[in-house]
Amino acid sequence: MRASLIQIDVNPDESINSRRRRVGSLVREQRGSDLVVLPELWTVGAFAYDLFADEAETLDGAREGTREGALDGTTAREMSEAAREAGVWLHAGSVPERGADGVLYNTSLVFSPDGELAHSYRKIHRFGFDKGEAVLMGAGSQLVTAALPELTLGLATCYDLRFPELFRGLVDAGAQAFVIPAGWPERRRAHWTLLARARAVENQAYVLACGTGGTHAGVEQAGHSIAVDPWGEVLAEAGPGEEILTVDLDPARVAETREVFPALKDRVLGLEAPKR
Ligand SMILES: NC(=O)CCC(=O)C(=O)O
């Protein structure tokens, strides 16, 4: 199974419409890949908090499975078309979503090769502590897996990477590969690559972590999108700027790793708290 990670430069000197068109073309050029992955909040930039509300999209029609006018959001509509025209599974990164409850969410979208919104995932761990995304957006509460014909994906977004229990939950739900769109800052790049490899090793799963380049809202982005195999080997790693990584994934490699080194079977759950 071939996967392409499109690391996008997100700079304020390019309009959102122009970036959307440009990214649509890049997705269409990936015909021949099985899966294409985009970063977190690549239309606005993950740190451009003042754009979240204005650029928010609604997806509820799509969630309810209505076909007519189901994809209200511009990005969602354009990515649906790009997936269909390229004939690929498209993890379109995330968009600012306005839910039916009026709350904003950081929502990842997965389109099937016929352009249908097959899965969506609302980011569970919001970044910013007492500001930014953490106060502007609501938190998701639902783990999401996406069963592709070759491999089952577990979905996570950026800051989620720091929370290993989320990934264990995805493994328990059958995930063999984690897809992690991100807008990770250069300042903490060492954490990004370390944690991506750690999540692969501890869960014996592929990690496809796709970030942004450029600088937006004054935050320099790390780039360095990375694909890691279930043994923790780096299959490909990008530089700081716009770049496409293409890697081949083999479901048998997940099964083989879990069989020859069956550490996941040695998990001990429900440990007792220390005695006081
Ligand atoms: N957009 C994010 O979730 C940023 C996460 C981050 O900067 C970090 O975990 O460090």
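Whatever order the structure lists ligands and atoms in, that order sets their numbers, starting from 1.
By the criterion of a heavy-atom distance under 4.0 Å, neither the backbone nor the side chain of H125 is placed next to ligand 1. The parts of Y159 lying near ligand 1 are both backbone and side chain, judged by heavy-atom distances below 4.0 Å. With a heavy-atom cut-off of 4.0 Å, E40 touches ligand 1 through its side chain alone.
Applying the side-chain contact (heavy atoms from CB on, under 4.5 Å) test between L35 and each of L90, V110, L153 identifies L153 as the sole match.
R258 places no side-chain N or O within donor-acceptor distance of the main-chain N or O of P262, the cut-off being under 3.5 Å.
For CD of Q142, the number of neighbouring non-hydrogen atoms (other residues, nucleotides, ligands) closer than 6.0 Å is 12 at most. A 6.0 Å sphere centred on CZ of R168 holds more than 12 heavy atoms belonging to other residues, nucleotides or ligands.
Under 4.0 Å is where a charged nitrogen must lie from a carboxylate oxygen, and between R253 and E233 no such pair does.
Remark: aromatic rings of Y159 and F163 are close, center separation under 6.0 Å.
The nearest protein atom to atom 9 (O) of ligand 1, hydrogens excluded, is given as R162 NE, 2.7 Å; this is a heavy-atom distance. Looking only at protein heavy atoms, the nearest one to atom 2 (C) of ligand 1 is C158 SG, 3.0 Å. Here the heavy atom of the protein found nearest to atom 10 (O) of ligand 1 is R188 NE, 2.5 Å. From the protein, the heavy atom lying nearest to atom 3 (O) of ligand 1 is K123 NZ, 2.8 Å.
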